[in-house]
Amino acid sequence: MALFFTITLLISSLGLLSLLLLKSYEMRTGRLFMASMRPGVQRLMHATVLFVEYILPGLARRGVRGIWLSVEGVVKQALARAILFFENALENMLTFVRELMQPPRGGGQASQFLREVAEHKKKLLERPVAKRAIFDE
């Protein structure tokens, strides 16, 4: 690993030294090295900088927004399913409690006392409303 970094340092130092020598030569002689290529390289560099500064961040924002909308949709759907599951569970529990709370119904006859009470109630309901009330005098 140290060898890799040492070689990389040497190559970059050599490149920097060559650029300094080239610039020194241009300043002494007044001649520009590859002068005809410089406008094209400048346009290429300008387009590269614009791409990196504006287009890539815009694409990244779009991608993040798309991912966010997808995650939001999945979360909403999961929440809706959880609510429906919870509602169904509560409904089943309510039905179970209702079934537990109903008194058992026998198929037999009511007792003699209950039949007499029901008969008396029917007789009271057949009387006119004014005579239904019972007053202690």
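Just so it is clear, the structure is predicted and the values come from calculations on it, not from any experiment. Numbers here are sequence positions counted from 1.
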J.: Which residue pairs pass the side chain to side chain donor-acceptor pair (under 3.5 Å) test with at least one member in residues 39-67, sequence neighbours excluded?
T.: none

J.: Can you tell me how far apart CD1 (I11) and CG (L14) are? Round to the nearest 0.5 Å.
T.: 8.0 Å

J.: Might you work through the side chain to side chain contact (heavy atoms under 4.5 Å, CB included) test for S13 and L16, ending with a clear yes or no?
T.: CA-CA 5 Å; S13 297; L16 186 60; 5.7 Å; no

J.: Given side chains that start at C-beta, do those of E72 and W68 come closer than 4.5 Å, heavy atoms only?
T.: yes

J.: Kindly compute the distance separating OG1 (T8) from CG (L3), expressed to the nearest 0.5 Å.
T.: 9.0 Å

J.: Can you hop from M37 to L44 via hydrophobic side chains spaced under 4.5 Å?
T.: no

J.: Looking at every non-hydrogen atom in both residues, tell me the closest pair between P39 and A35 and how far apart they are.
T.: CD-O, 3.5 Å

J.: Under a 3.5 Å distance rule, please check whether S24 uses its side chain to pair with a backbone N or O of L20 as donor and acceptor.
T.: no

J.: Enter the distance from K76:NZ to L69:CG here, rounded to the nearest 0.5 Å.
T.: 9.0 Å

J.: Going by salt bridge (charged side-chain N to carboxylate O under 4.0 Å, His left out), name the residues that satisfy it together with R115, two or more places apart in sequence or in a different chain.
T.: none

J.: How long is the gap from CZ on F86 to CG on L79, to the nearest 0.5 Å?
T.: 12.5 Å

J.: Kindly compute the distance separating CG (L32) from CG (L22), expressed to the nearest 0.5 Å.
T.: 10.0 Å

J.: Tell me, please, which residues at least two apart from E26 pass salt bridge (charged side-chain N to carboxylate O under 4.0 Å, His left out).
T.: K23, R38

J.: Roughly how far, to the nearest 0.5 Å, is the CZ atom of F5 from the CG atom of L10?
T.: 13.5 Å

